[in-house]
Each structure stands twice: as structure tokens, then as C-alpha cells.
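Reviewing the structure listed below.
Source: prediction; values computed, not measured.
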Amino acid sequence: MIIPIVFASLISSINAVSIVSRSQSYPQTAVLGPKTTITIGNKVIAPDGFERAATVVNGMFPGPLITAQKGDNFAIEVVNELKDESMFKSTSVHWHGIFQNGTNYADGTSFVTQCPIAQNHSFLHSFSAPNQAGTYWYHSHYSVQYCDGLRGALVIYDPDDPLGYMYDVDDASTVITLSDWYHVVAPVLSHIIGTTANSTLINGLGRYAGGPASNLAVISIAQGKRYRMRLVAMSCDSEFLFSIDGHNLTVIEADGQLTEPVVVDELTILAGQRYSVVLIADQPVDNYWIRSLPNLAGASFVGGTNCAILRYQGAPQVDPTTVNTTALNHLLEPNLHALINPGASGIPGYGNADINLNLQVTNNTGLFYINNVTYKPPTVPVLLQILSGAQEPSQLLPNGSVIVLEANKVVELTLSIITGPGGPHPIHLHGHAFDVVQSAGFSTFNYVNPVRRDVVSAGVPGQQMVIRWTTDNSGPWFLHCHIDWHLDAGFAVVMAESPSDTAAHVNPVPQDWDQLCPIFHSLSPSQLGGGGNFSREEAASITTLLFPPSPLP
């Protein structure tokens with residue numbers, strides 16, 4: 001972010017080299033199937049050594065890994081047992097990267113596809129993901145709640161993976177979650193312009209500058225084997241420069257889409273993005289630093305900050321002494337190419353799609369505007385508006401933030417950053433994967449074999465990205481910056497695909513879905529949580545750089 005806010009001492013005095021390793025493996029028991037219940041609650045945790053209350057899933061951060069086999073049906077009940085007054089007490093859970101074709105109501109997006117789930121209530125998300133396999137994740141989609149901890153990985157395995165010949169091991173032990181972490185609750189931070197994370201967590205563990213030598217995560221491997229490491233960037237803001245000392249990584253998946261294999265020695269991964277990389281355990285038995293450097297001023301690896309440990313079986317349980325070397329082969333997005341059915345839809349050439357959209361992003365007093373409109377969540381979810389008969393842009397709220405698209409058309413979207421701090425901005429489209437025909441910061445276009453994914457960088461001021469997809473999934477789908485602070489500050493629009501077809505496409509809508517809004521709208525301010533006006537007062541005690549006052553969510 002452009003203006004750092006300092007919450008803790010930045011003096012680093014930890015010497016973690018060649019000492020007995022304070023580390024632990026990712027809990028192997030925390031794996032759920034596609035038919036399960038997850039309970040959202042509060043718990044005091046200290047993932048980086050700093051103790052604070054958090055919003056967690058089944059008492060854990062990150063939440064348990066949810067796994068399925070390709071073709072499985074999902075039935076996940078989300079139970080809300082939130083109680084902490086300082087954080088939000090309503091919730092919603094979005095299944096990031098799952099297309100939800102025919103089940104738009106299960107997308108979990110507050111005020112777009114549903115009302116939030118109130119305290120002491122639950123909602124069953126029933127959906128299928130035919131023809132989808134890969135690395136996904138789930139997180140709260142209610143205000144900035146996922147910054148307080150409601151986030152976890154979701155993997156759909158393909159027993160007939162076309163690239164399965166490249167690796168020997170692909171299980172819970174090779175899922176690597178990367179997240180930023182904050183020592184102040186998110187409702188307070190949401191008032192502050194330019195808040196920054198206190199630490200980086202890998203598989204839920206990390207250290208902060210000036211803090212204790214708390215546990216680091218360990219990934220255990222056996223020499224001679226090949227591992228599919230699934231990287232999940234579940235940060236609220238930070239992007240990460242990821243590498244593993246002494247090892248190359250072969251990229252084979254981006255955001256649930258297989259890619260032609262590309263060998264790199266480091267990669268940048270933005271909030272919301274996922275990569276699968278194949279690591280060959282061909283180095284001497286030892287400990288090696290796993291590095292995940294956030295794009296924050298002063299970020300380093302001193303004292304094991306921004307690190308985890310890759311430990312070969314037989315290596316001593318000590319912290320690594322490996323050295324970070326200059327990358328020679330950084331991943332460039334235009335070098336990624338879709339493995340299956342490559343090629344952007346529609347007629348090649350810029351501006352040759354059926355629908356050509358141009359969105360320009362600006363920033364004023366901390367708020368983001370898309371084509372001069374800042375997104376403010378409506379009180380009635382867009383899906384409910386459509387099912388109640390609203391069809392035209394003029395009928396759909398929020399005014400100026402809903403773009404209506406005809407069915408079965410090729411859309412080419414150009415999104416340009418005119419002004420706006422805190423880039424590069426990761427842009428996510430719900431309900432689809434898209435072809436990236438122009439990556440931010442590059443002048444070339446590729447309609448022949450571009451990478452296909454669901455989160456792409458829009459870059460920084462003066463840059464743009466261009467994507468294409470086909471409107472074959474009726475319903476309202478959110479398009480937004482995946483820096484959660486930016487989404488909360490208005491960086492979003494809703495793509496309403498063929499509203500006239502939506503009622504038939506999502507039929508039947510579960511009866512419980514109809515009850516979410518009446519229950520939510522009956523809540524008192526104290527039942528909503530989030531500290532009420534006290535959260536703004538607390539933010540004002542930290543800094544004067546505050547967003548303009550806005551209604552409580």
C-alpha cells in the first residue's frame with residue numbers, strides 16, 4: 001500500500017540461523033470431504049506469536065482443507081457461531097473459482113447472490129463443479145471479514161490428470177497457503193487508508209519483525225520424489241514473491257486451469273491466485289528456506305520472517321542456512337499457455353468481440369471508482385432483484401454498478417488503472433475462467449494460446465489488462481479487486497448475465513436461501529458486530545488517514 005501504517009516495532013533482532021527449529025507441519029487431520037459442515041466461530045490464536053481474537057473455521061486458521069474428486073457433488077453447510085463483538089457476527093462463504101453454473105445462489109457473495117448468514121443460523125451450499133479440477137479456495141465474502149481469518153483451501157483432484165505423469169505426490173501435505181496477517185481486527189482497519197499487514201503466514205504460521213521466534217511451517221519431502229505443490233494466495237492485500245532455495249519449480253496450473261509446463265525459479269502470486277508447481281527433490285538431504293516476500297516496504301527474511309521450511313527426510317530439525325540467490329528465471333504471465341482447448345473465444349483481434357467493455361479505475365479520497373461510480377453494496381442482493389423481476393440496468397441496484405450482458409456472447413473487457421494506490425490490483429471474476437489476451441505491463445496481445453485463469457493483475461496506473469469470456473452462465477457475477485480493502489472501498493462491479501434467463505437457470509432456489517434476507521434485515525446493530533461506531537473511533541486513535549464515514553454494513 002502507498003502509506004504504511006505501523007502497528008508494531010520494525011526492529012528485527014531474531015537470529016534464527018542454526019538454532020533448533022521452532023516449526024511444525026501443516027496438520028494432516030484437517031481435511032474435509034465435499035459433503036461436510038464447517039462452523040464459523042471466534043478463537044484467540046497467535047499464528048505469528050502475537051495473540052489476538054480471530055474469525056476461524058472449525059477452530060482453525062487457515063480453515064480445514066476441503067477436497068473432492070472430479071465430478072463430485074458438494075453439500076457444505078455453513079454454521080454461524082460468531083460471538084466476538086469486535087468483529088462481524090454475520091458471515092458468508094464464497095467458493096473461489098467454482099463456476100456455480102445453475103447455482104448462482106450458492107456463490108456465497110453477500111448482497112450479490114445472497115444476504116449474509118446471521119449469527120446462530122446456517123445455510124447449506126449445494127453445488128456441483130462438472131469438468132472442474134484444480135486448486136481453489138474458500139473465504140468470507142462479507143465486508144472485510146476474511147482478513148480476520150475466514151479462509152481455507154479447496155482442491156478438486158483429477159484421477160486422470162493429463163499432467164499426472166509429472167509428479168509422484170499430491171496430497172494435503174503439498175498444499176501451501178500464503179496469507180497476510182494483521183494484529184488489529186479488520187473492522188477497525190477497514191476505516192484506514194493504506195493499512196499494511198504485520199506478517200506473512202505460510203500454512204498459517206509465521207513471524208513478524210521484532211517479534212518472537214515462533215513456529216514456522218515445515219513441508220516434508222523425500223529425496224528423489226516429485227511433488228505437486230499447490231500454492232494458494234489467500235491474502236487480503238499482499239502479493240508474494242515465492243521461491244524455494246536451491247530448487248526450480250515447474251508451473252502446471254494457474255487458477256484451476258492446466259498450463260503447458262514452464263520452469264521457473266521464482267514467481268509472483270497475487271491475492272486470490274493459485275499455482276501448481278512441480279518440485280523435484282533432487283538436492284542434498286538438508287533444510288531449505290521457502291520464501292514468500294510480500295510487496296511491502298522493508299520486507300525481508302531476517303529472523304525467518306516471510307519464510308517456511310522445506311525439510312528433506314533425514315535432515316536435522318534445525319532452521320535452514322541456505323542463501324537467497326538472485327532469480328534467473330522469474331515467471332512472466334505471457335509465457336503461460338492453456339493446456340486444454342487453447343485459444344481465446346471469438347474473433348481474434350482487439351475490439352472484435354460481441355461485447356467490448358472498457359472500464360477505467362480512478363481513486364478519490366481513498367475510494368475507488370469504476371467509470372466514475374464507486375460500488376456500494378445494495379440492501380437487496382442483485383440475484384433477488386433479478387428473481388423479483390428487475391431486468392434492465394436502470395432497474396438494478398447499485399445504480400451504475402451493474403452491467404447487463406446478453407446470453408452466449410463473447411465479452412472482451414479492458415480494465416485500465418488511471419489512478420489508484422496499492423497496485424498491482426488482482427481482478428477476479430466470479431462464475432468464469434477467462435482468457436488473458438493482454439497482461440498488465442505488456443504491449444503484446446495473444447488470442448492463440450493465452451493463459452486462462454480467474455484472477456489477473458490489472459497492474460498499476462498507466463497499465464491495463466484485457467480478458468475474454470463467453471456469457472454462458474446466467475446470473476449476477478461479481479468482478480472486483482481481490483485486495484479486500486480495495487473491494488470494501490468500492491473497487492467492484494456486477495456482471496449480470498442474461499437476467500431474463502436467470503430464474504429458469506437457477507431453478508429451484510432453495511427455500512432456506514429465501515429466508516436469509518428477512519433474518520439478516522431483522523438484526524440489530526449489536527447483532528451485526530464489527531464494533532459499530534467504536535471501530536471508527538479506534539481507527540482514529542491509530543491514524544488520521546481515514547476513509548469518509550459510511551453506513552455500517
Side-chain angles (χ1 to χ4, degrees), residues 30-43 54-68 73-82 87-100 103-129 135-156 177 179 186 232 234-236 271-272 274 377 381 383 428 430-431 454 475-478 480 482 484 487-488 510 512-513 515-517 519-520 528-530 553:
V31 180
L32 304 175
K35 297 184 186 328
T36 191
T37 297
I38 60 173
T39 301
I40 314 303
N42 299 118
K43 185 178 180 181
T55 299
V56 295
V57 185
N58 291 9
M60 300 174 53
F61 174 81
L65 171 65
I66 297 175
T67 66
N73 292 320
F74 290 81
I76 305 174
E77 185 171 19
V78 177
V79 178
N80 182 351
E81 294 185 357
L82 293 167
M87 291 175 283
F88 297 118
K89 294 195 287 187
S90 295
T91 193
S92 75
V93 178
H94 168 56
W95 318 97
H96 182 121
I98 305 298
F99 298 152
Q100 301 291 357
T103 50
N104 180 271
Y105 52 78
D107 193 48
T109 313
S110 293
F111 308 114
V112 178
T113 65
Q114 69 170 77
C115 279
I117 305 166
Q119 181 188 36
N120 300 320
H121 289 80
S122 65
F123 179 65
L124 178 66
H125 293 257
S126 295
F127 57 91
S128 59
T135 310
Y136 307 94
W137 64 301
Y138 62 93
H139 59 85
S140 170
H141 226 305
Y142 176 56
S143 188
V144 292
Q145 186 178 57
Y146 95 73
C147 303
D148 278 326
L150 202 176
R151 19 184 170 164
L154 188 158
V155 175
I156 302 176
T177 63
S179 54
V232 185
M234 50 178 66
S235 59
C236 281
R274 293 88 63 211
L383 176 59
H428 174 47
H430 293 216
D454 61 48
W477 303 109
F478 221 10
H480 62 89
H482 221 294
D484 221 30
L487 168 57
D488 196 55
D512 287 350
W513 182 87
Q515 299 305 310
L516 290 172
C517 286
I519 295 170
F520 177 77
L528 288 172

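Nearest heavy-atom pair across Val56 and Met60 is CB-O, 3.3 Å. Listed here is the closest heavy atom pair of Ile98 and Ala129: CG2-CB, 4.2 Å. Residue Gln145 comes nearest to Ser140 through the heavy atom pair OE1-OG, 2.7 Å, listed as atom of the first residue, atom of the second, then distance. Asn73 and Ser128 get closest at one heavy-atom pair: OD1-CB, 3.2 Å. Minimum heavy-atom separation, Val155 to Leu65: CG2-CD1, 3.9 Å.
Judged by distance alone, the side chains of His121 and Asn80 never bring a donor and an acceptor atom under 3.5 Å apart. Side-chain N/O atoms of Asp454 and His96 include a donor and acceptor closer than 3.5 Å. Judged purely by distance below 3.5 Å, without hydrogens or angles, the side chains of Glu77 and Ser122 pair a donor atom with an acceptor atom. Side-chain atoms of Ser90 and Gln119 form no donor-acceptor pair, as typed in the model, at a separation below 3.5 Å. In this structure, a donor-acceptor pair under 3.5 Å is present between the side chains of His141 and His480. In this model, no donor atom of one side chain and acceptor atom of the other lie less than 3.5 Å apart for Ser179 and Ser235.
Note that CD1 of Ile519 and SG of Cys115 are 10.0 Å apart. Values are rounded to the nearest 0.5 Å. Rounded to the nearest 0.5 angstrom, Asn42 CG and Thr55 OG1 are separated by 5.0 Å. Distance check, rounded to the nearest 0.5 Å: OG1 of Thr109 to CZ of Phe478 gives 7.5 Å. To the nearest 0.5 Å, atom OG1 of residue Thr113 and atom CG of residue Asp107 are 5.0 Å apart. Rounded to the nearest 0.5 Å, atoms OG1 (Thr36) and CG (Asn58) are 7.0 Å apart. The NE2 atom of His139 lies 10.5 Å from the SG atom of Cys147; values are rounded to the nearest 0.5 Å.
Counting only distance, with no hydrogens or angles, the side chain of Arg274 and the backbone of Val232 share no donor-acceptor pair below 3.5 Å. The backbone N or O of Ala75 lies less than 3.5 Å from no partner atom in the side chain of Lys35, so there is not a single donor-acceptor pair.
Looking at residues two or more places apart in sequence or on another chain, you find a ring pair (Phe, Tyr, Trp, His ring centres under 6.0 Å) between Phe74 and Phe127.
Less than 6.0 angstrom separates the ring centroid of Tyr146 from the ring centroid of Trp137. Aromatic ring centres of Phe111 and Phe520: separated by under 6.0 Å.
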message: What verdict does the side-chain contact (heavy atoms from CB on, under 4.5 Å) test give for Glu81 and Ile40, after you've listed the backbone C-alpha separation in whole Å, the side-chain angles of each residue and the deciding distance to 0.1 Å?
response: CA-CA 6 Å; Glu81 294 185 357; Ile40 314 303; over 6 Å; no
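Residues in residues 139-151 take part in these salt bridge (Lys or Arg N to Asp or Glu O under 4.0 Å) pairs, two or more places apart or across chains: Arg52-Asp148, Arg151-Asp180.
Just one residue in the list Tyr105, Trp95, Tyr138 forms a ring-ring contact (aromatic ring centres under 6.0 Å, His included) with His125, and that residue is Trp95.
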